[in-house]
Amino acid sequence: MVWLAIGCALLGAVFLAFGAQRQGSAVRASSGGLALTSNGFLRLLRNPRWVFGLLLLGFGMALNIVALATASLTVVQPIGAIALVITTVVNSREMGLRLNRITVVAITACVAGSAIFVVMAVNVTRSSTSVSGPEELTTVLLVGCAVGLFGSLALLFRRRMGAFAYILGAGVLFGFVAVLTKIIATHLLDPNGRFLLNVPIYSVIAIAAAAALGSWFVQSAYSSGPPDLVIAGLTVIDPIVGIAVGIAVLGELRPDVQPVTAVAMGVAAMVAIVGVVALSRHHPDVLQRQNERRRQ
């Protein structure tokens, strides 16, 4: 079943890449690089390109839910990094940008780090885990803290937040969405046949709040940064948060993991993070925007 999950996650990453690129270009054309407002968001709902991107993202999310229902978070989450390569190629062609050497190295670091992590994670995670009530409640409380923190930042510093801040917030929030998706899918697949009756109301409220605020952060990031940078943040920060919760709270890691393997997984994750940071500073689109601001 784990390879079926990996296949669904890979296909979902393709839908995610094209959906993000479509939405990113629509938001940028609509906002002109300015902060996204509520009126601007309502205009996007009438933009065919943005709506088509939303549909693609919906298909990608559905495939990812199937993957999360059949394999552990630690295996599924990092696979989305393949979306970064697709988004970068498509966006650079559409914008007429030539990727510089640092950008190529950064993208390679993101994908390679995530891929190595997945290969090792397949062999050190438990194939199936049950989620206890205290574990689920702990996760929901962590989600509440994240929503409160980033919601406050969005209200207080919305006009001063840059693309990376929005990407960080979106990555953390959607990392928790993935964890709650995994938990809720486990409830729905419970053999007792109660389906939705197994799902606590606080988990539903938590996933709705995190998804709503995370979506706002993603759209705001599109207005101030290239879509491949947004995808880079989501496909690295999101999995790190999901995996951290999966290991620390849900106990997905096997107890017999060798220290060398754990260190290697940590190094692979750090390589991917460094790639995102480098991409946020040296991407041609980011450099172009910086030059435009200096001229103004």
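Just so it is clear, the structure is predicted and the values come from calculations on it, not from any experiment.
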Criterion side-chain contact (heavy atoms from CB on, under 4.5 Å) on Ser152 and Phe157, from CA distance to verdict
CA-CA 8 Å; Ser152 299; Phe157 305 106; over 6 Å; no
According to side chain to side chain contact (heavy atoms under 4.5 Å, CB included), who are the partners of [X], at least two apart in sequence or on a separate chain?
X      : answer
Leu57  : Leu16, Gln23
Val104 : Leu99, Thr108
Val105 : Arg101
Leu55  : none

Restricting to non-hydrogen atoms, name the atom on [X] and the atom on [Y] that form the minimum distance, rounded to 0.1 Å.
X      : Y      : value
Ala5   : Ala67  : O-CB, 3.3 Å
Val143 : Ala210 : CG1-CB, 4.0 Å
Ala268 : Met120 : CB-CE, 4.4 Å

Report the residues that fulfil side chain to side chain donor-acceptor pair (under 3.5 Å) with Asn198, sequence neighbours left out, ordered by chain and then residue number.
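Partners of Asn198 by the side chain to side chain donor-acceptor pair (under 3.5 Å) criterion, ordered by chain and then number, come out as Asn192, Arg194.
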Set of side chain to side chain donor-acceptor pair (under 3.5 Å) partners for Ser203, sequence neighbours left out
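By the side chain to side chain donor-acceptor pair (under 3.5 Å) rule, Ser203 matches Glu136.
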Pairwise distance [atom1]([X]) to [atom2]([Y]) - rounded to 0.5 angstrom:
X      : Y      : atom1 : atom2 : value
Ile207 : Leu173 : CD1   : CG    : 12.0 Å
His187 : Lys182 : NE2   : NZ    : 12.0 Å
Ile184 : Leu188 : CD1   : CG    : 7.5 Å

Is Thr139 reaching over with its side chain to a backbone N or O of Glu135, donor-acceptor style, under 3.5 angstrom?
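Pair found, side chain donor or acceptor close to backbone of Glu135.
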Kindly indicate whether the side chain of Leu168, heavy atoms from C-beta on, has any atom under 4.5 Å from the side chain of Phe217.
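They are not in contact (no side-chain heavy atoms under 4.5 Å apart), so the answer is no.
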Can you name the ring pair (Phe, Tyr, Trp, His ring centres under 6.0 Å) partners of Phe59, sequence neighbours left out?
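Testing Phe59 for ring pair (Phe, Tyr, Trp, His ring centres under 6.0 Å), a comparison that skips the adjacent residues, returns Phe15.
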